[in-house]
Amino acid sequence: MVLAKRIGQIKPSPTLAIDTKCKALAAQGVDIVNFGIGEPDFDTPDNIRQAAIQAIREGFTRYTAVGGIPDLKEAIIQKFKADNNLDYRPEEIVVSCGGKHSLYNLFQVLFERGDEVMVPAPYWVSYPPMLLLAEAVPVIVATPEDNGFKLTPERLRECLTPRTKGLILNSPSNPTGSVYTRQELEALAEVILEHHLFVISDDIYEKILFDGQEFVSLAQLDPELKARTFVLNGVSKTYAMTGWRIGYMAGLETVIKAVTKIQSQSTSNPNSIAQKAAVEALRGPQDSVAAMVQEFAWRRDDILSRLAQLPGVSCMRPGGAFYVFPNFSQYYKYLQPGPEESFSDVLANYLLEEAHVAVVAGSGFGEDNCLRFSYATSRERIATGVERLRQALEKLGG
Ligand code: PMP
Ligand code: GLU
């Protein structure tokens with residue numbers, strides 16, 4: 001069977017692949033410590049679940065408006081105003097089947113064959129494949145670890161070409177947990193405006209921020225910038241709602257309208273019941289978010305101090321999200337990757353097989369020296385996992 005060429009250009013999502021592997025091993029009775037997939041290990045708060053149950057009871061089970069029910073759009077508009085001081089109209093908002101879906105549709109609408117889109121590395125695994133599916137060219141821009149893996153205006157300028165059309169920013173970042181400050185964004189904004197770039201601001205980890213930092217979205221810096229920025233957000237991470245599949249995006253009306261058109265011809269509306277749940281998530285009590293973030297902050301400190309005791313492993317201190325991205329390259333001298341493999345793939349596989357610890361190889365994030373750990377798992381499992389890791393690394397020769 002010959003498949004369309006475009007599908008040959010991409011690999012399955014490595015974050016979801018590791019999760020499939022973990023689930024299969026767990027089904028066989030293997031005790032895996034899962035630092036793999038990035039999803040909160042908390043239950044969706046009860047008020048949100050009750051809202052969904054009520055939606056079913058009331059028979060809210062039919063097709064809805066393609067781009068989201070008016071009530072949800074209103075709740076999103078209020079969220080943007082209250083949290084980010086951003087004003088949007090309903091026509092500038094679209095709700096999709098997860099933030100991933102909003103992004104996929106946006107890329108289809110914004111980019112033509114050959115358009116270059118800058119993707120600062122390390123990046124979330126799905127940006128380059130989604131750009132390739134839109135026939136755009138992901139231009140991977142390496143950012144140095146000693147700058148917290150953050151893009152600087154100088155790096156941005158160096159990589160600009162006449163075909164550069166867009167830039168993806170993600171703060172707090174998956175996989176590094178880096179957070180851009182207002183000053184850093186302002187410095188990037190100058191170059192963005194000078195070169196008329198479109199920006200995709202992936203704010204999905206907005207609320208998972210530590211040490212009393214201020215969250216700043218690029219769009220809020222200046223009205224001209226707002227007109228060039230598409231702000232992505234969703235309920236998956238903030239409200240532990242990954243399985244509900246509700247994400248949303250705000251930006252220029254013409255683009256949002258086009259994204260909605262794609263949805264009308266592909267997925268129709270996002271799930272009706274999940275939309276009602278998302279309204280409650282955004283409008284209801286927010287104390288569960290604060291409790292979750294506090295627990296994540298504790299775990300961040302805990303996993304960092306445990307990783308610091310591993311010889312030859314270094315790790316940047318993340319300011320947000322629920323990932324750490326330690327550097328394991330000191331161990332690469334003991335590994336022999338095959339022709340299609342990278343060092344981080346080999347090490348991640350070794351750790352899964354030898355230690356029954358699941359992590360995601362840095363290769364999928366564009367940084368082969370590192371492995372990504374999601375610490376969205378209990379305090380006990382973090383302790384067990386890092387201890388297993390220590391033993392497996394020792395065996396390797398460290
Ligand atoms: N952006 C980033 C950086 C992510 O880590 C995720 C996690 N899946 C998403 C977007 C999309 O999340 P979702 O589709 O669950 O809304
Ligand atoms: N974003 C999460 C992760 O990075 C969930 C899986 C995915 O959508 O990639 O693990």
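All values below were derived from every heavy atom in this structure, side-chain atoms included, with hydrogens, water molecules and symmetry-related copies excluded. Atoms within a ligand are numbered from 1 in the order they appear, just like the ligands themselves.
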| said: Please report whether ligand 2 has a polar contact with W124, defined as an N or O pair separated by less than 3.5 Å (distance criterion only). | reply: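 Yes, there is a polar N/O contact under 3.5 Å.
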| request: Using distance alone, decide if ligand 2 has a nitrogen or oxygen within less than 3.5 Å of any nitrogen or oxygen in G36. | output: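 Between G36 and ligand 2, no N or O pair is found under 3.5 Å apart.
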| query | Do any heavy atoms of S236 fall under 4.0 Å from ligand 1? | reply | yes
| request: Would you mind running through ligand 2 and noting each atom that sits below 4.0 Å from a heavy atom of L16? | output: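 Numbered from 1, ligand 2 contributes 6 (C).
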| Atoms of ligand 2, numbered as shown, that sit under 4.0 Å from any heavy atom of K237 |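 So the answer, numbered in order with elements, is 1 (N), 2 (C), 5 (C).
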Looking only at side chains, do [X] and [Y] share a donor and an acceptor under 3.5 Å apart?
X: S217; Y: N84; answer: no
X: Q275; Y: T64; answer: yes
X: Y239; Y: Q286; answer: yes

| said: What verdict does the salt bridge (Lys or Arg N to Asp or Glu O under 4.0 Å) test give for R89 and E253, after you've listed the backbone C-alpha separation in whole Å, the side-chain angles of each residue and the deciding distance to 0.1 Å? | reply: CA-CA 9 Å; R89 290 174 291 109; E253 180 176 345; 3.2 Å; yes
| message | Under a 4.0 Å threshold between the charged nitrogen and the carboxylate oxygen, would R306 count as salt-bridged to D301? | response |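 Salt bridge between D301 and R306, a charged N being under 4.0 Å from a carboxylate O: no.
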| request: Determine yes or no for a side-chain-to-main-chain donor-acceptor pair under 3.5 angstrom, with K165 supplying the side chain and L110 the backbone. | output: yes
| Main-chain N/O of P318 paired to R300 side chain as donor or acceptor, under 3.5 Å | yes
Ligand 1 atoms in contact with [X] (distance to a heavy atom under 4.0 Å):
X: N170; answer: 3 (C)
X: Y205; answer: 3 (C), 4 (C), 5 (O)
X: Y127; answer: 3 (C)
X: G98; answer: 14 (O), 16 (O)
X: G99; answer: 13 (P), 14 (O), 16 (O)
X: R245; answer: 13 (P), 14 (O), 15 (O)

| message | Would you say the ring centers of F322 and Y375 fall short of 6.0 Å from each other? | response | no
| query | Is the distance between the ring centroids of Y323 and F365 less than 6.0 Å? | reply |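 Distance test on ring centres: not under 6.0 Å, no.
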| field | Part of H101 within contact of ligand 1 (heavy atoms, under 4.0 Å) | value | neither
The one among [options] that brings a heavy atom closest to [atom]:
atom: atom 11 (C) of ligand 1; options: M241, K237, K100, E39; value: K100
atom: atom 7 (C) of ligand 2; options: V360, T15, T242, D19; value: T15
atom: atom 5 (C) of ligand 2; options: A321, A17, G38; value: G38

| Does ligand 2 have any atom sitting under 4.0 Å from a heavy atom of E39? | no
| said: Ring of Y88, cation from K226 - is the NZ or CZ under 6.0 Å from the centre and inside 45° of the axis? | reply: yes
Starting from [atom], locate the nearest protein heavy atom and write down its residue, its atom name and how far away it is, to 0.1 Å.
atom: atom 8 (O) of ligand 2; value: K100 NZ, 2.9 Å
atom: atom 12 (O) of ligand 1; value: I204 CD1, 3.8 Å
atom: atom 6 (C) of ligand 1; value: W124 CZ2, 3.6 Å
atom: atom 3 (C) of ligand 1; value: D202 OD2, 3.3 Å

| task | Determine the interplanar angle of the Y127 and W124 rings, folded into 0 to 90°, and report it as parallel if under 30°, tilted if 30 to 60°, perpendicular if over 60°. | result | perpendicular
| Any N147 side-chain heavy atom under 4.5 Å of K150 side chain | yes
